[in-house]
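This report concerns only the one structure given below.
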Amino acid sequence: MPAIPAPLPDTAALPAGDADIRLIVTDMDGTLLDDAKRIPDGLWPMLAELRRRGVLFSPASGRQYATLHRQFERVAEGMVFIAENGTYVVRDGVELSSDPLDGSVAAGIARTVRRLAAGGADVGAVVCGKRAAYVERTDEAFLAEVRQYYAEHRIVEDVTAVEDDMIKVAVFDFGPAEHTVAPALAPFAGTHQVVVSGEHWVDVMNRTANKGTALRRLQRALGVTPAQTMVFGDYLNDLEMLDAAEWSFAMAGAHPEVIRRARHLAPSNNDAGVLRTIAHVLGL
């Protein structure tokens, strides 16, 4: 395996305008979105030009499909959404792939989170199904966090009694998730993925489910190679998809492990790093 090049300080060090890119995949929070959770205004005309060139742009996020579709509603036709950290991939309302979680596992995680909360931890579970996300906490502070990522969510009395195809359980911790939630969910790590996906979030999924697996399936379906794929990410749930692309970029300020694994470094999300990099490499 060739050595991974040292991270580049900025897009200016990259060759400009001559890359054969067919697929661009980007994480959302901390990557495409700025810290105020805004999509850069320049993305919309760029997407029109990418489409004209035959380049597919795909958001890949821990966010729910319904949330991603709403964010990109004006350009959603033909776009592939890699949702729920790769556990649910959809194009034009048609499921391309999914990796459902066993219901007993989802219930066990929810009960673990209940015990954490009963012990004083400020945490809450979001049990993610294909139709909606389900929560038991009803306080506005928690629901405000849920609404950012789960446009289609429902408050239920008992998340373990819901009938849906569950694909992920996300746990929000008002404190650092690596310190409280991740250790509490460690017993599930023997059989499932327990991924710290943000400062306050931990996701539990099947071992086979991640953004990289979803991306490789998409590449095969499209006939696109890793050399024709550009990927952007900033956190630990982006690692596998960075490995699936030769044009892999960590954002400035990304988690140190992400910076180590990526081939290149892009400007920060607050400096429109995704757009600047695409424009430079593709000569837009």
Side-chain angles (χ1 to χ4, degrees), residues 1-28 30-33 39-61 68 71-72 75-83 86 89-92 96-97 210-234 238-252 254 258-259 261-269 271-284:
M1 181 175 178
I4 296 176
L8 298 172
D10 197 83
T11 55
L14 291 168
D18 59 354
D20 176 26
I21 302 297
R22 299 287 93 197
L23 175 62
I24 298 173
V25 181
T26 180
D27 173 54
M28 294 290 286
T31 302
L32 179 64
L33 306 183
I39 293 176
D41 290 337
L43 178 66
W44 309 114
M46 176 175 282
L47 289 180
E49 176 60 18
L50 290 175
R51 183 164 297 194
R52 188 189 70 80
R53 295 186 179 203
V55 180
L56 179 65
F57 181 91
S58 179
S61 175
L68 292 173
Q71 289 178 289
F72 290 91
V75 294
E77 184 178 355
M79 183 177 283
V80 175
F81 294 95
I82 300 174
V89 182
V90 182
R91 186 176 198 174
D92 294 332
L96 300 184
S97 66
N210 57 63
K211 293 181 184 181
T213 298
L215 173 53
R216 291 181 192 278
R217 288 174 179 165
L218 181 58
Q219 287 169 326
R220 288 194 296 269
L222 298 173
V224 172
T225 68
Q228 295 171 313
T229 305
M230 180 181 288
V231 169
F232 298 88
D234 78 303
D238 299 321
L239 289 173
E240 291 87 357
M241 74 171 182
L242 291 170
D243 293 341
E246 291 189 13
W247 294 84
S248 60
F249 292 85
M251 309 307 292
V258 176
I259 292 175
R261 285 272 279 274
R263 291 174 180 264
H264 308 294
L265 190 67
S268 81
N269 61 313
D271 294 324
V274 171
L275 272 61
R276 287 174 59 189
T277 303
I278 294 171
H280 181 87
V281 174
L282 273 67
L284 301 183

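Please read these numbers as outputs of a predicted model, since none were measured by experiment.
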- Task: Determine, stepwise, if the pair Gln228 / Leu23 fulfils side chain to side chain contact (heavy atoms under 4.5 Å, CB included).
- Result: CA-CA 6 Å; Gln228 295 171 313; Leu23 175 62; over 6 Å; no
- Message: Applying side chain to side chain contact (heavy atoms under 4.5 Å, CB included) to Gln219 and Thr225, what does each step give before you reach the verdict?
- Response: CA-CA 6 Å; Gln219 287 169 326; Thr225 68; over 6 Å; no
- Item | Worked check of side chain to side chain contact (heavy atoms under 4.5 Å, CB included) between His280 and Arg276 | CA-CA 6 Å; His280 181 87; Arg276 287 174 59 189; over 6 Å; no
- Message: For a side chain to side chain contact (heavy atoms under 4.5 Å, CB included) check, start with the C-alpha distance between Val55 and Ile278, then their side-chain angles and the critical distance, and finish with the verdict.
- Response: CA-CA 11 Å; Val55 180; Ile278 294 171; over 6 Å; no
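The shortest non-hydrogen separation linking Ile259 to Ala254 is CD1-O, 3.6 Å. Of all heavy-atom pairs between Gly78 and Arg91, the closest is O-NE, 2.7 Å. For the residue pair Pro226 and Ala244, the shortest heavy atom distance occurs at CB-O, 3.4 Å. Pairing each heavy atom of Leu275 with each of Gly42, the nearest pair is CD2-C, 3.4 Å. Pairing each heavy atom of Gly233 with each of Leu242, the nearest pair is N-CD2, 4.2 Å. Of all heavy-atom pairs spanning Ala262 and Ala250, the tightest one is CB-N, 3.4 Å.
No donor-acceptor pair closer than 3.5 Å links the side chain of Ser58 to the backbone N or O of Val25. In terms of modelled atom types and a separation under 3.5 Å, the side chain of Gln71 and the main chain of Ile39 share no donor-acceptor contact. The backbone N or O of Leu33 lies less than 3.5 Å from a partner atom in the side chain of Asn269, making a donor-acceptor pair. Although no hydrogens or angles enter the test, the distance criterion places a donor-acceptor pair under 3.5 Å between the side chain of Arg51 and the main chain of Val75.
In this structure, CD1 on Ile24 lies 7.5 Å from CE on Met46, to the nearest 0.5 angstrom. Separation of atoms CD1 (Ile21) and CZ (Arg53) is listed at 11.5 Å; rounding is to 0.5 Å. Separating the CG atom in Leu50 from the CZ atom in Arg22 is a distance of 10.0 Å, to the nearest 0.5 Å. To the nearest 0.5 Å, atoms OG1 (Thr229) and CE (Met241) are separated by 11.5 Å. For the atom pair CG (Leu47) and CZ (Arg52), the distance works out to 14.0 Å, reported to the nearest 0.5 Å. If you take CE on Met28 and CG on Leu68, they are separated by 6.0 Å, rounding to the nearest 0.5 Å.
A heavy-atom distance below 4.5 Å is not found between the side chains of Lys211 and Val231. In this structure the side chain of Ser248 never reaches within 4.5 angstrom of the side chain of Arg261, judged on heavy atoms. Phe72 places a side-chain heavy atom less than 4.5 Å from the side chain of Trp44.
Across Asp234, Asp27, Val274, a single residue satisfies side chain to side chain contact (heavy atoms under 4.5 Å, CB included) together with Leu32, and that is Val274.
Ring orientation note: the planes of His264 and Phe249 are tilted relative to one another, at an angle of 30° to 60°.
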